[in-house]
Amino acid sequence: MALTLQTIKNRSTFVHIRNSGNFIKGEFINVQFLEDSSLNGAMAVGFTATKKVGNAVKRNKAKRLMRELARKVLIKYGKINSYYVLIAKNSIFSASFATLEMELIKLISC
RNA sequence: UCAGAUGGUGCGAUGAUCGCUUGAGCAAUCAAGAGGAAAGUCCGGGCUCCUCUGGAAAAUAAAACCAGGUAACUCCUGGCAGACGUAAGUCUAGGGAAAGUGCAACAGAAAAUACACCGCCCGAUAGGGUAAGGGUGAAAUGGUAAGGUAAAAGCUUACCGCAUGACUGGUAACAGUUGUGGCAAGGCAAACCCUUUUAGGAGUAAGGCCAAAUAGGAAUAACAAUUAAUUUCCAGUUAAGUUAUUCGGGUAGGCUGCUUGAAACAAAUGGAGACAUUUGUUCUAGAUUAAUGAUCAUCAAAUUUAGCAAUAAAUUUACAGAACCCGGCUUAUGCACCAUCUGUUGCA
RNA sequence: UGGGGCGUCGCCAAGCGGUAAGGCACCGGCUUUUGGAGCCGGCAUUCGUAGGUUCGAAUCCUACCGCCCCAG
């Protein structure tokens with residue numbers, strides 16, 4: 001499977017997704033989702049950890065966790081030609097990795 | 001044993017699987033990959049650009065016991081003085097109040113030139129002498145004792161304090177000894193200020209290079225049946241216009257700056273120490289939505305729960321993430337360990 | 001990266017070396033049949049935190065914490 005996972009790097013695309021995409025609320029992470037046919041069969045992921053999550057160490061840790069989740073979950077279950085933005089919540093550190101996986105699968109599939 | 005002082009060290013280890021960043025390689029793959037504070041951005045430098053021929057003064061800001069260390073510092077080391085502590089030790093913006101200006105609520109007679117409010121003494125009053133006694137205040141113009149006097153007073157003497165000359169020790173700050181003076185010079189300079197010393201400004205988003213699209217600029221050539229100016233007409237010229245080519249500036253973006261450096265480690269030598277010198281070995285992060293993670297196993301540590309205990313289960317560790325680079329300071333920090341030292345109690 | 005400012009009662013704030021003004025809100029009382037309005041009284045013990053200077057600090061100095069603004 002030749003599915004490539006791009007990362008979103010521009011602020012303008014983040015704003016675009018936030019304005020026109022869907023917002024799905026979860027227990028540990030929130031997801032923003034937008035379908036776009038101009039991606040040519042790829043999938044793009046962005047990660048957001050605000051200052052509410054904690055200091056720099058905690059924000060980095062949250063991003064790493066979400067990156068790992070994206071690699072394991074989104075490649076299998078995600079839709080092609082779509083943007084995903086994962087937003088960390090404060091409770092992400094209290095959950096184990098397996099529960100996070102289950103949560104993300106549930107959020108994506110609905 | 002308990003309580004403390006100073007200085008220092010470490011932060012999980014090993015293996016497997018899946019991944020991330022950089023470098024090398026055609027490729028397979030191989031190698032490397034966060035800290036003592038990376039933090040706050042509080043100081044000092046390197047590096048780069050700007051201003052200036054070079055300097056000086058003013059202004060502003062900072063520093064302020066002595067000697068040394070350092071590329072430099074407001075940093076560090078050693079010492080001196082003062083304060084605190086039973087002690088080991090700790091702390092100190094620690095120059096100048098006799099250049100000048102200013103401040104001190106309330107209370108108190110008086111808060112700074114003691115014009116004496118009460119009191120004491122002389123005296124018939126007027127007036128004079130007197131800082132010993134008022135009980136205020138944070139602070140009241142040397143303290144105690146004796147002599148002295150009308151009452152008093154460094155007025156005199158002794159001791160203590162203070163100031164100052166000389167000598168001795170010390171590189172010096174300073175300390176000690178001894179003589180002299182007879183108390184003069186109250187406090188606040190983290191109030192203004194004075195003295196001495198230091199400082200040009202901006203920052204790697206500095207600076208350098210490459211360079212789309214769009215818009216605009218310049219040059220050259222061509223087109224003219226157009227418009228305007230040259231008083232009118234014709235020709236010419238100039239300025240507008242269109243097309244083509246070229247040029248440089250420059251935005252997005254990219255490359256560089258970027259990691260070999262006052263470098264790290266080890267040993268020896270010098271020094272009381274900070275530190276310096278020599279020799280050897282090593283190359284040790286370079287991201288830009290910003291790289292170190294996830295899962296499993298064993299061992300080690302901590303916490304919680306259950307248990308009389310052995311032990312079992314769960315959770316993972318404190319503070320915290322490089323962003324041009326060094327030297328410091330400050331702040332945040334759990335646990336374990338090491339070295340030297342002090343006091344107390346008990347025993348010998 | 002560099003520069004500047006603020007923090008005082010629940011809210012808005014004055015004071016800038018000598019016992020922390022005021023307004024709104026809140027509480028109690030008076031008045032009223034009741035409420036409102038009015039009148040009287042009450043409400044700051046670490047002046048963001050810690051240390052220092054001083055006889056004395058909200059005020060001066062130093063270091064932290066939080067918030068806001070400006071330039072690039």
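None of these values were measured; they are calculated from a predicted model. Scope of the values below: all heavy atoms of this structure, side chains included, with no hydrogens, waters or symmetry mates. Convention: sequence-line order gives letters A, B, ...; per-chain numbering from 1.
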Syn/anti label of [N] as read from its glycosidic torsion, with the cut at 90° from 0:
N: B/A34; result: syn
N: B/G36; result: syn
N: B/G154; result: syn
N: B/U289; result: syn
N: B/U259; result: syn

Practice task
Could you state whether A/I24 and A/I105 fall into the same hydrophobic cluster, counting links through intermediate Ile, Leu, Val, Met, Phe, Trp or Tyr residues with side-chain heavy atoms under 4.5 angstrom apart?
Solution key: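 Yes; tracing contacts between hydrophobic side chains, which count when under 4.5 Å, links both residues.
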Using the [atom1] atom as the point on both nucleotides, what is the distance between [M] and [N], in whole Å?
N: C/A63; M: B/U74; atom1: P; value: 16 Å
N: B/A199; M: B/G170; atom1: C1'; value: 36 Å
N: B/U295; M: B/A205; atom1: P; value: 37 Å
N: B/G327; M: B/G69; atom1: C1'; value: 13 Å
N: B/U77; M: B/U197; atom1: P; value: 28 Å
N: B/C103; M: B/C66; atom1: C1'; value: 35 Å
N: B/A294; M: B/A34; atom1: P; value: 15 Å
N: B/C73; M: B/G46; atom1: C1'; value: 14 Å

Handout entry: Residue whose closest nucleotide on RNA chain B lies nearer the 5' end, A/G46 versus A/K58
Key =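 Result: A/G46.
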Handout entry: A/N60 side chain near B/U289 phosphate (N/O to OP1/OP2, under 4.0 Å)
Key =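 For A/N60, the contact criterion (side-chain N or O under 4.0 Å from OP1 or OP2 of B/U289) is not met.
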Find every protein N or O atom lying less than 3.5 Å from an N or O atom of nucleotides 292-295 of chain B, and list the pairs.
{"residue": "B/U292", "atom": "OP2", "partner": "A/R64", "partner atom": "NE", "Å": "2.9"}
{"residue": "B/U292", "atom": "OP2", "partner": "A/R64", "partner atom": "NH2", "Å": "3.2"}
{"residue": "B/G293", "atom": "N2", "partner": "A/E68", "partner atom": "OE1", "Å": "3.4"}
{"residue": "B/G293", "atom": "N2", "partner": "A/E68", "partner atom": "OE2", "Å": "3.2"}
{"residue": "B/A294", "atom": "OP1", "partner": "A/K61", "partner atom": "NZ", "Å": "2.9"}

Problem - Length of the line joining A/K63:NZ and B/U288:C1', which is rounded to integer Å - result: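 Rounding to the nearest Å, NZ of A/K63 and C1' of B/U288 are 11 Å apart.
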Problem - Between B/C20 (P) and A/M66 (CE): distance, integer Å - result: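 It works out to 18 Å between those atoms.
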Should [N] form a Watson-Crick or G-U wobble pair with both distances under 3.5 Å, which nucleotide is its partner?
N: B/A312; result: B/U305
N: B/U41; result: none
N: B/U51; result: none
N: B/A225; result: none
N: B/U29; result: B/A24
N: B/C247; result: B/G217
N: B/U130; result: B/G119
N: B/U298; result: B/A13

Exercise for the section: Can you see which heavy atom on A/K63 is nearest to which on A/F47, and at what distance? Expected result: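 Residues A/K63 and A/F47, closest heavy atoms: CG-CB, 4.5 Å.
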Exercise for the section: Search all heavy atoms of A/I29 against all heavy atoms of A/M66 and return the closest pair with its distance. Expected result: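 Closest approach of A/I29 to A/M66, heavy atoms only: CG2-SD, 4.3 Å.
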Practice task
Would you check if A/N22 and A/Q32 make a side-chain contact, meaning some heavy-atom pair closer than 4.5 Å?
Solution key: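 When only atoms from C-beta onward are counted, A/Q32 and A/N22 do not touch, as no gap falls below 4.5 Å.
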Exercise for the section: State which residues pass ring-ring contact (aromatic ring centres under 6.0 Å, His included) with A/F33; sequence neighbours excluded, sorted by chain then number. Expected result: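 Once residues adjacent in sequence are excluded, the partners of A/F33 under the ring-ring contact (aromatic ring centres under 6.0 Å, His included) criterion are A/Y84.
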Practice task
Could you give me the CA-CA distance, side-chain angles and deciding distance for A/V85 and A/T48, then say whether side chain to side chain contact (heavy atoms under 4.5 Å, CB included) is met?
Solution key: CA-CA 7 Å; A/V85 175; A/T48 302; 3.8 Å; yes
Practice task
Start with the C-alpha distance between A/L86 and A/N30, add both sets of side-chain angles, then the distance that settles side chain to side chain contact (heavy atoms under 4.5 Å, CB included), and finish with yes or no.
Solution key: CA-CA 6 Å; A/L86 309 185; A/N30 297 335; over 6 Å; no
Exercise for the section: Assess whether side chain to side chain contact (heavy atoms under 4.5 Å, CB included) is satisfied between A/L69 and A/E101, documenting all intermediate values. Expected result: CA-CA 6 Å; A/L69 281 173; A/E101 274 187 272; 3.8 Å; yes
Handout entry: Any residue meeting side-chain contact (heavy atoms from CB on, under 4.5 Å) with A/N60, in chain and number order, not counting sequence neighbours
Key =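 If we apply the side-chain contact (heavy atoms from CB on, under 4.5 Å) test to A/N60, skipping adjacent residues, the hits are A/R64.
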